[in-house]
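Please read the structure below before turning to the comments.
Source: prediction; values computed, not measured. Sequence positions, counted from 1, serve as the residue numbers for this chain.
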Amino acid sequence: MRRQLYILTLLFLTFGCEDKKTIDKTNNVDTFAVEEADTTEVYSDNVYKSDSVTIDIKNDNFNFFIVLTIGSQKREYDLTKLNIPTKTPCEIQWANNEFACMMTWWSQAQSRHIFIPTKRTNELIYLDKDIEETDSVNNNIVYIDSIYNDIDKVVFKVENLLTRKSKTLELIINEQNGIYPFYDKIVLTKNKLSMTTATEKKSIDIKEINNSL
C-alpha cells in the first residue's frame, strides 16, 4: 500500500511539473509577442490641405513618407529610398499651384528642401544642395552649387523649378566673408538675382530661365 502511494505521489509531482513548464512557456511567448508588437509605431500628420490637394507625413519608426493626394490620385514618396536626408520633416513653408516647399533636414547654416507637386503633371524635385532663397510666386530657387577652396570661389545657381533652366553667379571668398554661406544679402526677383558680400555686389539677369512659362 505504501509503495502504491509512493508511486502515485511521484506521478502527480512529475505531471504537475510538466504542466507548470507548459504554462511558463506559453506565458513567455505571449509576453514576447506583445513586446514585439509594441515596438512598431506608424502615424501620420496632415501638413497641407486645400480644395484638391492634401499632403501628409507618415512616420514609420522614423522612416518618413510623403503621402500626396491630388483629387482622386494618390502618390507616396519614401524619403529613405529616395536618399533624401530627414530630421523631422516640418510644416510646408509655402505652396502654390505648382509646388509645395518643405524643409526636411537642417544643421546650423545648411539645410535640405523638397518641392512636392501640387499639380498632377509635375514631379517631386529634390536637389542635394543647400538652398538659400526661394521665390514662391515665380518658382525660382537659389542654391550653393559649388565651393572651390583652392581658388577661393563660391558658385551660386538660380534655377526655375518648371523650366529647369538655370544661371550661375560667382563670388570671391576672402577673410571678410570666409564664413559659410559666404554672403551678407541676397535679393531674388522674377527677372534678377542680386548678392552682396562685405567686399562686392553682383547681379545677373534671369529672364531667360523663366522663358516658355
Side-chain angles (χ1 to χ4, degrees), residues 47-48 53 55 57 64 66 77 79 82-119 121-213:
V47 292
Y48 180 78
V53 179
I55 301 173
I57 299 175
F64 293 100
I66 300 298
Y77 302 95
L79 300 187
L82 292 172
N83 295 317
I84 297 175
T86 57
K87 199 160 266 188
T88 299
C90 54
E91 72 275 3
I92 298 296
Q93 294 186 309
W94 54 258
N96 57 31
N97 293 330
E98 303 288 348
F99 293 99
C101 174
M102 174 190 285
M103 185 184 295
T104 64
W105 179 88
W106 62 93
S107 178
Q108 296 181 350
Q110 299 191 42
S111 60
R112 291 294 183 271
H113 295 69
I114 56 174
F115 298 92
I116 306 163
T118 55
K119 188 176 182 180
T121 53
N122 294 342
E123 295 295 332
L124 182 138
I125 295 176
Y126 168 68
L127 297 169
D128 190 18
K129 303 287 184 179
D130 184 10
I131 295 174
E132 297 297 323
E133 188 68 41
T134 64
D135 178 355
S136 61
V137 176
N138 301 295
N139 294 295
N140 288 326
I141 61 173
V142 180
Y143 53 88
I144 295 178
D145 186 56
S146 304
I147 300 172
Y148 300 96
N149 291 313
D150 54 334
I151 56 174
D152 296 325
K153 182 175 73 173
V154 56
V155 178
F156 292 84
K157 184 173 285 188
V158 55
E159 180 174 331
N160 185 277
L161 296 171
L162 294 174
T163 66
R164 304 309 305 269
K165 295 178 180 179
S166 62
K167 290 190 71 173
T168 59
L169 183 152
E170 298 181 3
L171 294 176
I172 298 299
I173 301 173
N174 54 47
E175 65 278 0
Q176 292 179 278
N177 70 324
I179 299 175
Y180 188 94
F182 313 116
Y183 68 92
D184 295 328
K185 184 179 179 181
I186 180 170
V187 177
L188 176 63
T189 66
K190 180 180 181 180
N191 298 319
K192 186 168 70 171
L193 168 65
S194 299
M195 300 191 70
T196 305
T197 73
T199 56
E200 62 181 329
K201 180 178 180 179
K202 283 190 174 182
S203 298
I204 56 172
D205 187 290
I206 60 172
K207 293 189 187 75
E208 63 189 80
I209 73 171
N210 301 308
N211 286 347
S212 75
L213 294 178

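Under the 3.5 Å distance criterion, with hydrogens and angles disregarded, a donor-acceptor pair is assigned to the side chains of N140 and N160. In the model, N138 has no side-chain atom that pairs as donor or acceptor with a side-chain atom of N210 under 3.5 Å.
When all heavy atoms are compared, the tightest approach of I131 to S111 is O-OG, 4.2 Å. Across every non-hydrogen atom of K207 and N211, the tightest pair is O-OD1, 3.2 Å. Among all heavy-atom pairs drawn from I204 and T168, the shortest one is CD1-O, 3.6 Å. When every heavy atom of P181 is checked against every heavy atom of F156, the shortest pair comes out as O-CZ, 3.5 Å. Summarising the geometry of R112 relative to Y126, their closest heavy-atom pair is CD-OH, 3.5 Å, with the distance given to 0.1 Å.
The salt bridge (charged side-chain N to carboxylate O under 4.0 Å, His left out) check on D150 picks up nothing, with sequence neighbours excluded. With sequence neighbours excluded, no residue forms a salt bridge (charged side-chain N to carboxylate O under 4.0 Å, His left out) with K201. Every residue two or more places apart in sequence or in another chain that forms a side-chain hydrogen bond (donor to acceptor under 3.5 Å, both in side chains) with N174 is listed here: T199. Partners of E200 according to the side-chain contact (heavy atoms from CB on, under 4.5 Å) rule, which considers only residues two or more places apart in sequence or in another chain, are L171, I172, T197, K202. By the side-chain contact (heavy atoms from CB on, under 4.5 Å) test, L82 pairs with Y77, I84, sequence neighbours left out. With sequence neighbours excluded, no residue satisfies side-chain hydrogen bond (donor to acceptor under 3.5 Å, both in side chains) with S166. Residues forming a side-chain hydrogen bond (donor to acceptor under 3.5 Å, both in side chains) with E133 (at least two apart in sequence, or on another chain): none. The side-chain hydrogen bond (donor to acceptor under 3.5 Å, both in side chains) test applied to N177 returns no partner, not counting sequence neighbours. Residues meeting the side-chain contact (heavy atoms from CB on, under 4.5 Å) test with I151, sequence neighbours left out: Y148, K153.
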The test is side chain to side chain contact (heavy atoms under 4.5 Å, CB included); show your working for T163 and N139 and say whether it passes.
CA-CA 9 Å; T163 66; N139 294 295; over 6 Å; no
Go through it in stages, so that I can follow the logic: the residues are H113 and Q93, the test is side chain to side chain contact (heavy atoms under 4.5 Å, CB included), and I'd like the CA-CA distance, side-chain angles, deciding distance and then a yes or no.
CA-CA 10 Å; H113 295 69; Q93 294 186 309; 3.2 Å; yes
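Sequence neighbours left out, the pairs with a member in residues 83-99 that pass salt bridge (charged side-chain N to carboxylate O under 4.0 Å, His left out) are E98-K119.
The structure places CG of L162 at 7.5 Å from CD1 of I125, a figure rounded to the nearest 0.5 Å. With rounding to the nearest 0.5 Å, the separation of CE in M102 from CG in L124 is 10.0 Å. Atom OG of residue S203 and atom CG of residue L169 lie 7.5 Å apart, to the nearest 0.5 angstrom. To the nearest 0.5 Å, the span separating CD1 on I66 from CZ on F64 amounts to 9.5 Å. Atoms CD1 and CG, on I173 and N149 in that order, are 6.0 Å from each other to the nearest 0.5 Å.
Counting heavy atoms from C-beta outward, V154 and Y180 have side chains that stay 4.5 Å or more apart. With contacts defined as side-chain heavy-atom distances shorter than 4.5 Å, the pair L193/D205 does not qualify.
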Show every donor-acceptor pair shorter than 3.5 Å between a side-chain atom in residues 182-190 and any protein atom, with sequence neighbours excluded, or say none if there are none.
unit_1	atom_1	unit_2	atom_2	d
Y183	OH	E132	OE1	2.7
D184	OD2	A198	N	3.1
T189	OG1	K192	N	3.1
T189	OG1	K192	O	3.2

Do any side-chain atoms of residues 103-110 form donor-acceptor pairs under 3.5 angstrom with protein atoms, and if so which ones, sequence neighbours left out?
unit_1	atom_1	unit_2	atom_2	d
T104	OG1	P85	O	2.9

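Just one of D135, L127, V158 meets the side-chain contact (heavy atoms from CB on, under 4.5 Å) condition when paired with I141; it is L127. Partner of I57 under the side-chain contact (heavy atoms from CB on, under 4.5 Å) criterion, chosen from V47, T86, L79: V47.
Classification of K165 and E159 as a salt-bridged pair fails, no side-chain N sitting under 4.0 Å from a carboxylate O.
Between F115 and F99, the two ring planes are perpendicular [angle over 60°; tilted spans 30° to 60°].
With hydrogens and angles ignored, the 3.5 Å screen pairs a side-chain donor or acceptor of N96 with a backbone N or O of S136.
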